[in-house]
Amino acid sequence: MHRRDFLASALAAAAPTWGNDVFDIHLHPRRDTHSAMEHLQGSGMTRAALLTHLRDEARAQSEIAAHPKAFVWFAATDPKQPNAIELLRKAIESGAKGVGEMKDHLAADSPEMRKVYDLCAEMKVPITLHFGELPDSKGAGDFNTGFRTFDKVLKAHPRTKFFGHADFFWANISADYALGTTYPGGKIQKGGLTDRFLADYPNLYGDMSANSGNNALTRDPEFAKDFLIRHQDKLMFGSDCGCYDGNGAGGSPLLPRLKGKCTGHDTLEVLKSLTTPAVFRKVTWTNANRIILG
């Protein structure tokens, strides 16, 4: 047996059983054509959306060609470049199932981003937005700023399906969030912007990936249990994990308690502990297939 086939078989045999198939809506292409599959199998997942900047499209296409049932892809590019809409349209026509991850130094309601939202509505695909209003670990600065008034965008683009993601999106699950902390801890105060926007706008969905999604679930488990029930049709599991084997090897999560762990694997364990099998299935499988694949 070829080493790669042996590894795939071993990973599949060792994968945890979650009780249903799992769709990871937030995974990025890896350096070679097999690492994404190793992560998928090692963490016990079934399918993933590869959030792909167009400069890395070849990597994503290689993964999809090797494992067509396991992967779909989203396309992203800098919306400030003159041909951005043309490039994204071409990607969608070529099979991209969504746009994202859009992570650019622009206001969320900027003219450039609004053109992307219009394209997504026209082409009937969702868009994943990274909401960051604090410098990230590399000091890169703000992305898609203006979340506190994002309801204006949701109202203006009702046919666009938005997947909210990242630290500022999930920090604002609590009404008492004060700008300055990337991953706040402690009890969640009801009435946070993210909670309200999810309740009030049918075109906003929650991407529960990364340190930020994991932190939102674990900082106040009692709140999280109710939150998952109330928004069970609006939330989707994602990993946004940097480890290469689905078990934590090579990863560098920003939350100390996730050191040495696969962020996606840990989030699945948390979700499993917080909710019922029926809600777990919606959040980890059904919602993503319905919204992304129709």
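All residue numbers in this chain count up from 1 along the given sequence. Note that these values count all heavy atoms, side chains included, but never hydrogens, waters or copies made by symmetry.
Under the side chain to side chain donor-acceptor pair (under 3.5 Å) criterion, Lys225 pairs with Glu222, not counting sequence neighbours.
The minimum heavy-atom distance linking Asp240 with Ala210 is given by the pair OD2-CB, 3.6 Å. Residue His130 comes nearest to Asn144 through the heavy atom pair O-ND2, 2.9 Å, listed as atom of the first residue, atom of the second, then distance. For Leu40 against Ala48, the heavy-atom pair with the smallest separation is CD1-CB, 3.6 Å. For Ala216 against Ile173, the heavy-atom pair with the smallest separation is CB-CD1, 4.3 Å. Residue Phe223 comes nearest to Asp195 through the heavy atom pair CZ-OD2, 3.5 Å, listed as atom of the first residue, atom of the second, then distance. Annotation for Leu255 and Asn215: closest pair CD1-CB, 4.0 Å, computed over non-hydrogen atoms.
With hydrogens and angles disregarded, no donor-acceptor distance shorter than 3.5 Å links the side chain of Asp207 to the backbone of Gly164. Judged by distance alone, with hydrogens and angles left aside, the side-chain atoms of Asp245 form a donor-acceptor pair with the main-chain N or O of Ala249 at under 3.5 Å. Side-chain N or O atoms of Ser62 include one that pairs as donor or acceptor with a backbone N or O of Ala58 at under 3.5 Å. A donor-acceptor contact shorter than 3.5 Å links the side chain of Asp78 to the backbone of Lys80. With hydrogens and angles ignored, the 3.5 Å screen pairs no side-chain donor or acceptor of Lys282 with any backbone N or O of Gln232. No side-chain donor-acceptor contact under 3.5 Å links Ser273 to the backbone of Leu271. Put simply, the side chain of Asn172 gets close to the backbone of Phe168: a donor and an acceptor are under 3.5 Å apart. Not one N or O on the side chain of Lys234 forms a donor-acceptor pair closer than 3.5 Å with the backbone of Ala199. Between the side chain of Thr160 and the backbone N or O of Tyr117, at least one donor-acceptor pair lies under 3.5 Å. Judged purely by atom type and a 3.5 angstrom limit, Thr181 has no side-chain atom pairing as donor or acceptor with the backbone of Pro184.
Side-chain contact of Glu101 with His28: a donor-acceptor pair under 3.5 Å is present, judged by distance alone. A donor-acceptor pair shorter than 3.5 Å can be found between the side chains of Ser239 and Asp24. A donor and an acceptor atom, one from each side chain of Asn214 and Thr267, are located under 3.5 Å apart. With 3.5 Å as the limit, one finds a donor-acceptor pair spanning the side chains of His157 and Asp118. Side-chain contact of Thr77 with Gln81: a donor-acceptor pair under 3.5 Å is present, judged by distance alone. Residues His165 and Ser209 bring a donor and an acceptor atom of their side chains to less than 3.5 Å of each other. Between the side chains of Thr284 and Asn20, at least one donor N or O sits under 3.5 Å from an acceptor N or O.
For Phe197 and Phe150, the ring centers sit 6.0 Å or farther from each other.
Tyr244 forms part of no hydrophobic cluster, judged by ILVMFWY side-chain heavy-atom separations under 4.5 Å.
A continuous path of hydrophobic side-chain contacts links Tyr177 to Leu198 [ILVMFWY only; heavy atoms under 4.5 Å]. Following chains of ILVMFWY side-chain contacts shorter than 4.5 Å, one can reach Leu268 starting from Leu274, so the two form part of one hydrophobic cluster. At a threshold of 4.5 Å between side-chain heavy atoms, the hydrophobic network of Ile, Leu, Val, Met, Phe, Trp and Tyr places Phe162 and Ile292 in two separate groups. When the side chains of ILVMFWY residues are joined at heavy-atom separations under 4.5 Å, either directly or via intervening members, Phe227 and Ile25 end up in two distinct hydrophobic clusters. Hydrophobic clustering (side-chain heavy atoms under 4.5 Å, transitive across Ile, Leu, Val, Met, Phe, Trp, Tyr) groups Met113 together with Leu87.
Note on ring orientation: taking the six-membered ring where Trp is involved, the planes of Phe131 and Phe169 are parallel (angle under 30°, cut-offs 30° and 60°). Under the 30°/60° scheme for interplanar angles, the aromatic rings of Trp18 and His265 are found to stand perpendicular.
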Subject >> Worked verdict on Trp170 versus Met208 for side chain to side chain contact (heavy atoms under 4.5 Å, CB included) >> reply: CA-CA 8 Å; Trp170 287 114; Met208 305 200 75; 3.9 Å; yes
Subject >> Steps toward side chain to side chain contact (heavy atoms under 4.5 Å, CB included) verdict (Leu119, Val125) >> reply: CA-CA 9 Å; Leu119 174 69; Val125 297; over 6 Å; no
Original post:
Yes or no on side chain to side chain contact (heavy atoms under 4.5 Å, CB included) for Tyr201 and Arg196, after CA distance, side-chain angles and deciding distance?
Top reply: CA-CA 8 Å; Tyr201 298 97; Arg196 285 164 40 201; over 6 Å; no
Original post:
Which is it for Met236 and Phe163 under the side chain to side chain contact (heavy atoms under 4.5 Å, CB included) test, yes or no, and what are the steps along the way?
Top reply: CA-CA 9 Å; Met236 288 169 284; Phe163 292 178; 3.5 Å; yes
Original post:
What's the verdict on salt bridge (charged side-chain N to carboxylate O under 4.0 Å, His left out) for Asp266 and Arg257, showing C-alpha distance, side-chain angles and the deciding distance?
Top reply: CA-CA 10 Å; Asp266 189 84; Arg257 71 171 198 80; 3.4 Å; yes
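Under the 4.0 Å criterion applied to side-chain N and carboxylate O atoms, Glu63 and Arg30 are not assigned as salt-bridge partners.
Side-chain atoms of Cys120 and Arg159, non-hydrogen and from C-beta on, never get closer than 4.5 Å to each other. Arg47 has its side chain out of reach of Asp21: every pair of non-hydrogen atoms, C-beta onward, lies at least 4.5 Å apart.
Screening residues 59-104 for ring-ring contact (aromatic ring centres under 6.0 Å, His included), with sequence neighbours left out, gives no hits.
Taking NZ from Lys90 and CD1 from Ile85, the interatomic distance works out to 15.5 Å, rounded to the nearest 0.5 Å.
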